[in-house]
Amino acid sequence: MDLETLADFVLVAAHGGLGKAARSTGRSKATLSRKVTELEDALQVRLVDRGATHLRLTAEGEALLTRTRGLIGELAQAGDDIRNGGSQLSGLLRITAPVLFSHVALSRAAALFSQLHPHLQIEINAEDRFVDPVEEGYDLVIRTNPKPTESMVGRRLFTDELALVAAPKVTRPPAGGPVDAILMSRIGEVRDWVVDAGEGPVTYQPQPIMRLSLIMMIHQAVQAGRGAAVLPWSLVAEEVALGRLAHWGHVINRPIEVWVLHASSRLSSPKVTSFAAFLAAQFPDGKLLISSKS
């Protein structure tokens with residue numbers, strides 16, 4: 001495959017059509033269309049279905065975009081680094097992170113970093129699903145308790161704990177008793193909650209009454225007094241201290257470690273390593289404190 005032709009395909013696919021790609025680059029639609037056709041001829045597969053007003057990727061086109069978008073971006077970044085002599089960061093930095101962390105910490109950190117590096121574009125996608133950063137073209141991914149892997153490296157940002165909490169009006173059942181539970185949607189088998197409230201382990205039997213897809217949604221449901229839930233201590237500590245939520249105990253043997261990770265192949269990318277170091281510096285004591293003003 002010709003790299004220039006491949007780059008044009010990625011450009012068109014990423015913009016979702018010839019018109020948008022042409023307007024963003026100043027190149028003609030005819031030229032970009034011809035390049036995509038040349039790539040299809042070289043691979044002997046159809047990559048796009050062309051409509052009157054839009055362009056849709058075929059399965060083969062989606063696969064090619066997924067496999068090559070990150071590589072094309074890295075090549076472009078390498079050229080920028082050489083051209084700038086390493087004096088300034090530029091290009092696009094793509095980050096994916098959990099919704100809660102993005103809301104309370106990541107957006108602010110990214111804005112501060114952007115002020116320091118005005119030639120760098122930063123894209124953050126906040127989502128709680130599992131993301132393959134290499135396949136989906138992300139430079140950095142924020143993960144909770146990531147499993148060790150040879151393809152990903154990074155650093156720990158902070159540690160946290162899980163706490164079982166409920167609104168003060170919710171009656172706390174006796175040890176071993178059932179409790180109305182608000183759970184994450186993706187949780188499969190429901191297991192007993194074992195917490196330590198300061199006097200040793202106490203077990204509760206969660207009875208699911210709501211399943212929600214985001215931690216912030218669960219937090220709001222708990223505040224409304226619908227039931228109990230296990231939430232990050234950093235999220236509820238202030239409310240517990242103010243008496244707005246009742247703390248039933250910390251969950252035993254379920255520590256939280258939040259890491260910033262990137263593909264090991266991108267160890268030499270200045271934009272990746274610089275932002276990872278900057279983000280880690282935002283948590284000098286290794287803790288995340290969430291204020292009600294966040």
Side-chain angles (χ1 to χ4, degrees), residues 66-78 80-81 86 88-117 119-162 184 186 214-216 231-235 251 253-290 294:
T66 299
R67 295 287 299 276
T68 59
R69 178 167 51 187
L71 296 174
I72 292 296
E74 287 188 36
L75 289 173
Q77 182 63 50
D80 289 340
D81 292 342
Q88 60 184 16
L89 301 181
S90 60
L92 175 63
L93 180 67
R94 299 186 74 235
I95 306 168
T96 178
V99 174
L100 175 62
F101 181 74
S102 299
H103 175 71
V104 302
L106 182 58
S107 297
R108 181 179 183 276
L112 294 174
F113 191 75
S114 180
Q115 291 178 353
L116 298 174
H117 305 282
H119 297 284
L120 181 69
Q121 299 178 48
I122 300 177
E123 175 188 318
I124 298 175
N125 287 311
E127 48 196 348
D128 287 333
R129 69 180 180 88
F130 176 82
V131 173
D132 187 321
V134 177
E135 290 295 323
E136 299 185 43
Y138 285 106
D139 298 296
L140 288 164
V141 57
I142 313 298
R143 281 187 180 165
T144 300
N145 294 342
K147 296 180 180 179
T149 170
E150 294 181 357
S151 62
M152 300 295 294
V153 296
R155 62 176 69 193
R156 186 175 63 189
L157 297 176
F158 59 87
T159 60
D160 203 348
E161 296 180 276
L162 290 174
M184 289 290 289
R186 63 175 178 267
L214 300 176
I215 288 179
M216 297 303 293
L231 290 169
W233 180 242
S234 59
L235 178 62
V251 179
N253 296 326
R254 287 181 61 186
I256 297 176
E257 291 189 353
V258 177
W259 286 65
V260 56
L261 303 170
H262 55 88
S264 56
S265 60
R266 299 182 187 180
L267 277 171
S268 60
S269 174
K271 65 178 181 180
V272 170
T273 54
S274 295
F275 185 77
F278 180 85
L279 186 59
Q282 307 305 304
F283 310 97
D285 59 354
K287 297 294 182 181
L288 173 65
L289 298 177
I290 301 177
S294 297

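Keep in mind that this is a model prediction, so the values were computed, not measured.
Across Ile215, Leu100, Leu162, a single residue satisfies side-chain contact (heavy atoms from CB on, under 4.5 Å) together with Leu231, and that is Ile215.
Side chain of Asp128 to main chain of Val99: a donor-acceptor pair is present (N/O by atom type, distance under 3.5 Å, no hydrogens or angles).
Among residues at least two apart or in separate chains, salt bridge (Lys or Arg N to Asp or Glu O under 4.0 Å) pairs with a member in residues 93-108 are Arg94-Glu123.
Residues passing the salt bridge (Lys or Arg N to Asp or Glu O under 4.0 Å) test with Arg254, sequence neighbours excluded: none. A search for ring pair (Phe, Tyr, Trp, His ring centres under 6.0 Å) contacts involving Trp259 returns nothing, not counting sequence neighbours.
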Working note: Phe275 + Leu120, criterion side chain to side chain contact (heavy atoms under 4.5 Å, CB included); need CA distance, chi angles, decisive distance, verdict.
CA-CA 11 Å; Phe275 185 77; Leu120 181 69; over 6 Å; no
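Side-chain atoms of Leu279 and Leu140, non-hydrogen and from C-beta on, never get closer than 4.5 Å to each other. The side-chain heavy atoms of Ile124 and Leu106, taken from C-beta on, include a pair separated by under 4.5 Å. Put simply, the side chain of Met152 reaches to within 4.5 Å of the side chain of Val141, judged on heavy atoms. At a threshold of 4.5 Å between non-hydrogen side-chain atoms, the residues Gln121 and Leu93 do not count as touching.
Of all heavy-atom pairs spanning Leu157 and Ala280, the tightest one is CD2-CA, 3.6 Å. The two residues Pro232 and Asp160 have their closest heavy-atom pair at CB-OD2, 3.6 Å.
By the neighbour-count criterion of 12 heavy atoms within 6.0 Å, atom CG of Asn253 is sparsely surrounded, having that number or fewer from other residues, nucleotides or ligands.
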